[in-house]
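Encoded as structure tokens, here's the structure I'll be asking about.
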Amino acid sequence: MTTAREAGGVAAVPSLRGRLGRFVLLLAVIWVVVVTVVLAGWLRHEVSELLDDGLVATSEALAVVLQAAQAPTDDAPGGRVHAGPDAVAAAQDDVPFAWQLLDAEGRMLARSANAPAPHLLAQPPAASAAVPSAFFTDGPLGWRVRARPLAGGRWLLVGQRASERFEALVEVAGGTIAAALVASLALLAWLRLRLERETRPLADLGGVLARYDPLHAGDTLPPPALQELAPVHEAVRQMGGRLAAHAAAERAFSAHAAHALRTPLAGLDAQLAVAQREAPPALQPRLARLRAAVRRLAHVVTALLALFRSGGELKRVPVDVEALVARVPFEGLAMEFLPRADEPPVRPAADADLLAAALINLLDNAVRHGARRVCVQVHPAHITLRDDGPGVSDERRGHLQQALASEAAGGMAPEQALAGLGLALADRVARAHGGRLELLPAAAGFSVRLWLVPPAVAGSGGADARAG
């Protein structure tokens with residue numbers, strides 16, 4: 001039963017970089033919240049102390065002015081008596097502090113223009129004989145007040161609105177917290193960049209392993225980019241060594257087996273030729289079919305020998321395709337090569353043994369399906385074969401192409417059996433060259449194109465450089 005993670009593919013696999021990124025982001029959010037709370041509390045305390053210091057300085061300055069000025073009289077009109085021109089000049093609406101002057105009985109003798117008419121204190125300080133000196137308190141009208149005793153039992157009240165103190169706190173705290181946020185965001189960005197840099201070797205490991213071919217002689221893994229990746233490199237290196245040894249053993253066995261089959265098949269064909277000459281006419285068709293089957297088997301063995309003789313290493317040389325195919329003639333199959341003899345020859349750069357194995361299998365495939373004529377068009381980047389056989393439908397051609405792609409990707413699709421040994425081997429040879437086997441649509445017959453370079457490289461003009 002397929003799980004959700006298996007159905008999701010790579011996207012369902014957890015990402016180390018993503019998890020670390022989310023952790024760093026969460027850590028940054030927690031850091032910002034903690035810093036904001038701590039800064040808010042600390043700034044509230046510090047700003048309150050600074051504003052209280054301002055109240056102290058203001059009250060002390062006003063005390064000096066009021067004590068030096070003429071004392072106010074009790075019969076001043078409306079009770080609004082100013083202590084002198086200096087006090088009046090200091091009492092402007094834009095000044096953040098207001099003051100009130102009370103007598104020993106708590107009656108208001110004077111106040112600044114921006115001071116409220118009611119007392120700044122809920123209870124006049126004169127009623128509290130226990131208060132010996134200046135003190136701070138919060139008034140009922142939303143004022144922060146400092147009460148200071150003066151000579152003659154009088155009291156000077158200097159206050160500041162709570163709203164103004166809150167605005168000052170917001171301005172200071174807002175600027176400080178904004179600066180802290182900017183610094184935190186800069187730190188978060190730096191951590192993200194650092195995380196990307198530190199985890200880049202993990203992302204590059206896939207490309208390093210994809211380029212590593214343990215079956216290619218001399219191909220080694222580069223040194224690990226991180227010390228933590230050294231065990232991974234060593235494990236891959238050991239696994240590559242085991243795969244290379246296993247592949248070499250299989251290649252040696254297959255080559256030996258194919259070579260051992262050549263002689264018996266040649267003897268079997270010779271015996272069948274003698275039997276065909278001596279057999280009665282009624283047996284001639286059956287013996288002819290048997291000889292054709294033996295020849296096809298001999299062609300497959302020859303192709304396998306060419307494939308295993310290459311040793312898995314690609315050796316590109318300019319190849320004369322017509323001469324290569326002439327080494328293994330196919331009885332009853334007419335060959336036409338393009339370009340023609342009067343045109344400049346085209347010799348694509350390829351591994352001769354691998355290319356011979358692919359062409360032998362493709363031509364044998366054409367013969368087995370009833371083709372009598374094959375047109376071979378040679379291009380620096382690919383070789384195209386078009387036969388006059390029965391061909392296949394577009395649907396079956398799509399299934400064959402899908403089967404080849406699935407087999408190349410290592411899949412286990414049931415359509416793989418549709419491709420057959422000839423097409424599968426030719427496709428493997430093409431992919432060993434960096435290309436692929438393409439099944440072309442055709443109005444009649446069967447057409448294939450054996451790419452010897454990636455089609456994208458051929459389209460960009462890189463094939464000529466490879467052709468040599």
Shortest non-hydrogen contact from L355 toward A350 = CD2-CB, 4.1 Å
R192 CZ to E196 CD distance, which is reported to the nearest 0.5 Å = 6.0 Å
Test item: Q160 and D52 side chains (from C-beta on) under 4.5 Å apart, heavy atoms =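 Of all side-chain heavy-atom pairs linking D52 with Q160, none is under 4.5 Å.
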Going by heavy atoms in the side chains, are L338 and T384 under 4.5 Å from each other?
-> no
So, D427 and R436, do they make that salt bridge, N to O below 4.0 Å?
->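 Not counted as a salt bridge, because no side-chain N and carboxylate O are separated by less than 4.0 Å.
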Hey, is the main chain of Q402 close enough, under 3.5 Å, to the side chain of S406 for a donor-acceptor pair?
->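 Checked: no pair found.
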Find out whether M335 and L363 are in side-chain contact, i.e. whether some heavy atom of one side chain is under 4.5 Å from a heavy atom of the other.
->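 In contact.
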So, does R316 use its side chain to make a donor-acceptor pair with the main chain of A349 at under 3.5 Å?
->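 At least one qualifying donor-acceptor pair exists.
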Without swapping roles, check the side chain of Q276 against the backbone of L287 for a donor-acceptor pair under 3.5 Å.
->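 Judged by distance alone, no pair lies under 3.5 Å.
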Taking H233 for the side chain and P222 for the main chain, is one N or O donor matched with an acceptor at less than 3.5 Å?
-> yes
Side chain of H433, backbone of G435: donor and acceptor closer than 3.5 Å?
-> no
In Å, rounded to the nearest 0.5 Å, how long is the span from CZ of R386 to CZ of R373?
->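 Reported to 0.5 Å precision, the distance equals 14.0 Å.
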Is there a donor-acceptor contact under 3.5 Å from the side chain of N365 to the main chain of N361?
->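 No, the answer is negative, given that no donor and acceptor are paired below the 3.5 Å cut-off.
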What one should report as the nearest heavy-atom pair of W143 and P116 is CZ2-CD, 3.7 Å
Atom pair CG/CG of L27 and L188 - distance to nearest 0.5 Å |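 Nearest 0.5 Å value for the CG-CG distance: 9.5 Å.
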Once you round to the nearest 0.5 Å, how far does CZ of R242 lie from NE2 of H246?
-> 12.0 Å
Give a yes or no on this: more than 12 heavy atoms of other residues, nucleotides or ligands lie within 6.0 Å of atom CD of E49.
-> yes
After noting the C-alpha distance and the side-chain angles of E60 and R146, does the key distance pass the salt bridge (charged side-chain N to carboxylate O under 4.0 Å, His left out) rule?
-> CA-CA 10 Å; E60 294 300 324; R146 182 178 189 265; 3.3 Å; yes
Do K315 and D351 sit within salt-bridge range, that is, some charged N less than 4.0 Å from a carboxylate O?
->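 No.
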Closest heavy-atom pair and its distance - A358, L450 = CB-CD2, 4.1 Å
Which atoms form the tightest heavy-atom contact between R148 and S59, and what is the distance?
->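 Nearest heavy atoms, R148 then S59: CD-O, 4.2 Å.
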Residue R397 excluded, over 12 heavy atoms near CZ under 6.0 Å = yes
Mind checking whether L55 and R165 have side chains closer than 4.5 Å, heavy atoms only?
->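 Sidechains of R165 and L55: in contact.
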